[in-house]
Amino acid sequence: MRDQPSTDVPIPYDYIAYIDEAGDPGIRRVMPIDNTGGTERFSVGCAVIKATREREAVDYVNRVRGLIRSSQRPDLHYKKLQPWQRLVACTELAKENTRLFAVMSNKQTMRGYRNPNAEAVSLHPNDYFYNYCIRILLERVTEWVERRSIVGFGEPRKMLLVFSKRGGHSYRHVETYAKILRLQKETGKLFQHFRAPRFTVIDPRLMKVIQHDQNAGLQMADIVASAFYQAAHARALNWDTEPAKALKPRLGSINGRYVDKGIQLLPWRSWTLPLTEQQKEIFRFYGYRI
């Protein structure tokens, strides 16, 4: 069975959502509770652009590579950049015609969690947690795309989902998960039904999986996911909140509200966690009262 979602039927789309992640989705063992295991945090980042502006992502990558004097690699990878280069990459991304979204999970609360129903349709043990984070992201992204396309086109328009390929994850199950969510919504059996992705703008057939270094849009999504991951990971030696703060002009929001729009912190009641003042800094910056 191929690992690529099916895109055999050509379907028109007017938006592209690039999705990448930082950290890993493993929840069987989680640091620092366990000496070895998955990263304490996991973040998913997304950059949405109009399909007609796809070339601008390439221009962004080339411009930043020039500004940071990078001649060794043809792509941008946040983890490989120096601190000052990361800030440049985020500052420049905030100037682009894109809308940015981030979901961040503190996995200590998910350690050892199992969902038998989700596992039944997942080949990989981490698929269901990854898919859940993707669902939370898509709820916010599709809400924005639906609203934006109605303003721009007078009706909801479809978007293409482009995922960064990572080892060990079955992306076919992202497609399957999207189909299940849609069926559950149509039959009134959607778990957590107070909010759901807007299926007016997504289609399970409109999904692609591409290597990070082969797509400029995915490199933009990597900047988002990694900047927020670094900002929330205060225990790390390279902890820095400035790059994530620099993304604010393009982060999804409604009437100046970023919480639950462009940025989502998991678990929902994160203020109950024993977070340090450093760990709270980036969330307070974007409006969380923790």
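Computation of the quantities below employed the complete heavy-atom set of this structure, encompassing side-chain atoms and omitting hydrogens, waters and symmetry-equivalent molecules. Note that the structure is a prediction, hence the values are computed from the model and not measured.
Checked against the 6.0 Å centroid threshold, F228 and Y286 count as a close aromatic pair.
Under the 6.0 Å distance and 45° angle rule, R284 does not count as a cation-pi partner of Y288. In this structure, K248 is positioned above the aromatic face of F285, its NZ or CZ under 6.0 Å from the six-membered ring centre and within 45° of the axis.
A donor-acceptor pair is defined here as one N or O able to donate and one able to accept, closer than 3.5 Å; such a pair exists between the side chain of W239 and the backbone of A231. Here the side chain of Q85 pairs a donor or acceptor atom with the backbone of I68 at under 3.5 angstrom. Side-chain atoms of R198 do not come within 3.5 Å of backbone N or O of T200 as any donor-acceptor pair. Counting only distance, with no hydrogens or angles, the side chain of H212 and the backbone of L76 share a donor-acceptor pair below 3.5 Å. Judged by distance alone, the side chain of S70 and the main-chain N or O of R65 form no donor-acceptor pair under 3.5 Å. Checked by atom type and distance alone, the side chain of E92 never pairs as donor or acceptor with a backbone atom of V64 at under 3.5 Å. Distance alone, capped at 3.5 Å, is enough to place a donor-acceptor pair between the T98 side chain and the V48 backbone.
Considering all non-hydrogen atoms of both residues, T91 and A246 come closest at OG1-CB, 4.0 Å. Closest of all the heavy-atom pairs between A89 and L81 is CB-CD1, 4.3 Å. Closest heavy-atom contact between D240 and Q230: O-OE1, 3.6 Å. Closest of all the heavy-atom pairs between L160 and M207 is CD1-N, 4.0 Å. For the pair C90 and I223, the tightest heavy-atom approach, listed with the atom from each and the gap, is SG-CG2, 3.6 Å. Nearest heavy-atom pair, V141 versus M159, reported as atom, atom and distance to 0.1 Å: CG1-CE, 3.7 Å.
A salt bridge links E281 with K245: at least one charged nitrogen is closer than 4.0 Å to a carboxylate oxygen. Between R140 and E143 there is no salt bridge, since none of the side-chain N atoms of the basic residue sits less than 4.0 Å from a carboxylate O of the acidic one. No salt bridge links D14 with K50; every basic N to acidic carboxylate O contact stays at or beyond 4.0 Å. Using a 4.0 Å cut-off between charged nitrogen and carboxylate oxygen, R63 and E96 count as a salt-bridge pair. Taking a cutoff of 4.0 Å between a charged side-chain nitrogen and a carboxylate oxygen, R148 and E146 do not qualify as a salt bridge.
Counting heavy atoms from C-beta on, the side chains of F283 and M104 come closer than 4.5 Å. Under the 4.5 Å side-chain criterion, counting only non-hydrogen atoms from C-beta, Y78 is in contact with R86.
Taking the six-membered ring where the residue is Trp, W144 and Y15 present perpendicular rings, their angle passing 60° and hence far from 30°.
Interatomic distance, SG of C46 versus CD1 of I134, reported as 8.5 Å (0.5 Å rounding). Annotation: the span from I11 atom CD1 to D203 atom CG amounts to 4.0 Å, rounded to 0.5 Å.
Hydrophobic clustering (side-chain heavy atoms under 4.5 Å, transitive across Ile, Leu, Val, Met, Phe, Trp, Tyr) groups V88 together with Y60.
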